Amino acid sequence: MSNRVLTTLAALTALAASPVLAADVTLKVAHTNAAGEVQDMGLQKMKELLEAKTDGAATLEIYAGGQLGDEQQTVESVMLGSLDMGMTSNAMLSNYVEDYKVFDLPFLFPSIPALGEKVDANWQMMETSANGAGFQLVAVFSSGIRHLMTAEPINSIEDLAGMKIRTMQNPVHVEAFRAYGANPTPMSYSELYGALQSGVVDGAEGASTGYDGMKFYEVAPAFALVGWLNMTAPVTMQKAAFDALPEDIRTALMEAGAEAAQWQRQYVVDQEAPLVESFKAHGVTVTEPDTAPFIAASQPLYEQALTTDGQKALFTALTAN
């Protein structure tokens with residue numbers, strides 16, 4: 001056998017024995033928010049951090065605006081492993097990770113920083129809940145504080161009586177707005193602009209960032225600062241797919257997720273006041289209804305929604321002083 005053949009065989013043997021290069025790791029991540037919205041900015045930050053921590057060996061490929069499907073399709077694609085990573089509203093994910101229904105409860109956290117502190121302090125419990133449903137929790141972003149956008153101004157809870165208000169496809173949200181006297185109308189986020197424009201719904205609950213990013217002020221020119229929900233946007237992978245990644249990539253991804261989440265939650269806080277002020281330039285009527293009646297109407301939901309030991313344990317941990 002010639003030296004050339006021996007050299008070639010030795011090179012092929014070494015190549016076969018060497019580990020798969022981490023440079024091949026490109027994780028596709030999808031979400032339904034507009035590019036440039038606060039949730040998307042969190043993923044952009046995570047991508048930047050992941051690339052820095054791996055010297056460019058791993059990256060994220062981000063698909064914004066529902067390019068790969070709506071939220072339900074996103075979650076189920078992650079579950080099936082046909083999508084590497086998804087970021088959805090907690091309201092959608094909690095249909096699959098039942099313990100997370102705790103985060104769907106109204107008026108649970110007084111601020112985004114308070115929510116972030118509780119999430120970080122109870123990460124292991126939340127991760128265990130996700131693992132039990134076949135997911136790996138990578139990060140918990142903020143989708144902001146949820147308010148009300150409507151065709152006509154809302155000055156009190158009484159103004160909601162009989163109004164068709166779009167909610168997420170989540171039973172706790174539906175029951176909350178029923179308790180507030182509205183006619184809750186669950187529908188996909190992608191359908192909302194058209195539904196507001198055509199009068200299929202009279203209004204919707206949503207964050208200031210979404211109201212701005214999707215230009216909902218064009219079809220719902222009244223914005224009521226109710227702050228009924230401090231909403232999260234969890235970032236998840238299929239647990240088996242996460243476990244199959246090289247160890248160094250798993251470590252870098254989790255570190256990037258944690259750091260991006262802290263950055264993103266503060267970014268949301270920084271955006272809130274200027275955004276609300278900017279709405280007035282678009283001719284939006286901004287009101288501040290008394291929230292006490294909303295809070296009182298929300299109380300029965302706590303007992304109704306927390307039905308499992310896991311939900312009750314997570315609720316206790318998140319609300320402990």
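Predicted model only: the values in this text are computed from it and were never measured. Side chains are part of it too, since the values below use all heavy atoms of this structure and drop only hydrogens, waters and symmetry mates.
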Would the distance check show the side chain of Thr54 and the main-chain N or O of Ala58 forming a donor-acceptor pair, the cut-off being under 3.5 Å?
yes
Using a 3.5 Å distance criterion without hydrogens, assess whether the side chain of Gln311 forms a donor-acceptor pair with backbone atoms of Thr307.
yes
When you measure from the side chain of Thr232 to the backbone of Pro234, do you find a donor-acceptor pair of N or O atoms at a distance under 3.5 Å?
no
Got a sec, which pairs hit ring pair (Phe, Tyr, Trp, His ring centres under 6.0 Å) with one end in residues 125-147, sequence neighbours left out?
His147-Phe223
Measure the spacing between CG of Leu93 and CE of Met87 and express it to the nearest 0.5 Å.
12.5 Å
Consider only side-chain N and O atoms of Gln169 and Ser188, and report whether a donor and an acceptor are under 3.5 Å apart.
no
Establish whether Ile249 and Met85 are linked, either directly or via other cluster members, by ILVMFWY side-chain heavy-atom contacts under 4.5 Å.
yes
Between Val172 and Ala305, what is the shortest heavy-atom contact and its length?
CG2-CB, 4.0 Å
Is the backbone N or O of Lys28 less than 3.5 Å from a side-chain atom of Asp84, with the two atoms forming a donor-acceptor pair by type?
yes
Just verifying a value: how many Å separate Arg166 CZ and Asp202 CG, rounded to the nearest 0.5 Å?
14.5 Å
In sequence, state the C-alpha distance, the side-chain angles, and the governing distance for Ser156 and Glu158, and then conclude on side-chain hydrogen bond (donor to acceptor under 3.5 Å, both in side chains).
CA-CA 5 Å; Ser156 69; Glu158 288 78 16; 2.9 Å; yes
Quick check: is Leu43 connected to Val25 through a chain of hydrophobic side chains (ILVMFWY, heavy atoms under 4.5 Å apart)?
yes
Apply side-chain contact (heavy atoms from CB on, under 4.5 Å) to the pair Thr287 and Leu225, showing each step before the final yes or no.
CA-CA 6 Å; Thr287 59; Leu225 299 174; over 6 Å; no
For the residue pair Ala204 and Leu196, what are the closest heavy atoms and their distance?
N-CD2, 4.5 Å
Please determine whether a side-chain nitrogen of the Lys or Arg among Asp99 and Lys312 lies less than 4.0 Å from a carboxylate oxygen of the Asp or Glu.
no
Got a second to check how far Leu301's CG is from Leu306's CG, nearest 0.5 Å?
10.0 Å
Gap separating the CG atom of Leu275 from the CG atom of Asp212, nearest 0.5 angstrom:
5.0 Å
Are Tyr96 and Phe242 in one and the same hydrophobic cluster, where Ile, Leu, Val, Met, Phe, Trp and Tyr link if side-chain heavy atoms are under 4.5 Å apart?
yes
Polar side-chain atom of Gln299 near backbone of Ile295 as donor-acceptor pair, under 3.5 Å:
yes
Please say whether more than 12 non-hydrogen atoms of neighbouring residues, nucleotides or ligands are located less than 6.0 Å from CD in Glu259.
yes
For Glu288, I'd like to know if atom CD has over 12 heavy atoms of other residues, nucleotides or ligands within 6.0 Å.
no
Are Glu61 and Tyr63 close enough that a side-chain donor and a side-chain acceptor fall under 3.5 Å?
yes
Output, in order, the C-alpha distance, side-chain angles, deciding distance and verdict of side-chain hydrogen bond (donor to acceptor under 3.5 Å, both in side chains) for Gln271 and Thr209.
CA-CA 8 Å; Gln271 297 298 303; Thr209 52; over 6 Å; no
Could you go through the side-chain hydrogen bond (donor to acceptor under 3.5 Å, both in side chains) check for Glu127 and Asn131 one step at a time?
CA-CA 6 Å; Glu127 187 175 48; Asn131 292 167; 5.4 Å; no
Would one find more than 12 heavy atoms of other residues, nucleotides or ligands at under 6.0 Å from atom CD of Glu218?
yes
For the ring pair Phe279 and Tyr211, is the centre-to-centre distance below 6.0 Å?
yes
To the nearest 0.5 Å, what is the distance between CG (Leu318) and CG (Leu115)?
8.0 Å
Salt bridge check, Arg178 against Glu175: does any charged N sit closer than 4.0 Å to a carboxylate O?
yes
In terms of hydrophobic clusters joined by side-chain contacts under 4.5 Å, are Tyr267 and Ile62 together?
no
Looking only at heavy atoms, which two atoms of Lys118 and Thr319 are closest? And how far apart?
NZ-C, 4.5 Å
Indicate the ring-plane relationship of Phe103 and Tyr100, choosing parallel, tilted or perpendicular according to the 30° and 60° boundaries.
perpendicular
Please determine whether side-chain hydrogen bond (donor to acceptor under 3.5 Å, both in side chains) holds for the pair Gln304 and Tyr302, giving the CA-CA distance in whole Å, both sets of side-chain angles, and the decisive distance to 0.1 Å.
CA-CA 6 Å; Gln304 295 170 17; Tyr302 282 59; over 6 Å; no
What pairs of residues pass the ring pair (Phe, Tyr, Trp, His ring centres under 6.0 Å) test when at least one of them lies in residues 152-173, not counting sequence neighbours?
His173-Trp228
Is it the case that the side chain of Gln73 and the backbone of Asp70 share a donor-acceptor pair, with hydrogens and angles ignored and the cut-off at 3.5 Å?
yes
Donor-acceptor check, side chain of Ser94 to backbone of Ala91, threshold 3.5 angstrom: yes or no?
yes
Quick one, Glu71 with His31, criterion side-chain contact (heavy atoms from CB on, under 4.5 Å). Give me CA distance, side-chain angles, the key distance, then yes/no.
CA-CA 7 Å; Glu71 287 206 326; His31 66 92; over 6 Å; no
Among side-chain atoms of Ser298 and Tyr180, is any donor-acceptor pair under 3.5 angstrom?
yes
Gln264 side chain vs Ser142 backbone, donor-acceptor pair below 3.5 Å
yes
Who are the side chain to side chain contact (heavy atoms under 4.5 Å, CB included) partners of Ala256, not counting sequence neighbours?
Met46, Leu49, Leu50, Lys53
Under a 4.5 Å side-chain heavy-atom rule over Ile, Leu, Val, Met, Phe, Trp and Tyr, are Val226 and Ile145 clustered together?
no
Closest non-hydrogen contact found for Tyr193 with Met214 is CD1-O, 3.7 Å
Say you draw a straight line from NZ of Lys101 to CG of Asn90; how long is it, rounded to the nearest 0.5 Å?
9.0 Å
Residues Met254 and Leu137: closest non-hydrogen pair is CE-O, 3.3 Å
Verdict with reasoning, Val200 to Glu191, per side-chain contact (heavy atoms from CB on, under 4.5 Å)
CA-CA 10 Å; Val200 169; Glu191 300 173 16; over 6 Å; no
Is it the case that the side chain of Glu37 and the backbone of Asp40 share a donor-acceptor pair, with hydrogens and angles ignored and the cut-off at 3.5 Å?
no
Please give me the minimum heavy-atom distance between Leu245 and Arg250, naming the atom from each residue.
O-NH1, 2.6 Å
Please report the C-alpha distance between Trp123 and Val140 in whole Å, then the side-chain angles of each, then the deciding distance to 0.1 Å, and finally whether the side-chain contact (heavy atoms from CB on, under 4.5 Å) criterion is met.
CA-CA 10 Å; Trp123 183 266; Val140 176; 3.9 Å; yes
Using atom types as modelled and distance alone, determine if a side-chain donor or acceptor of Arg146 lies under 3.5 Å from a backbone N or O of Met231.
no
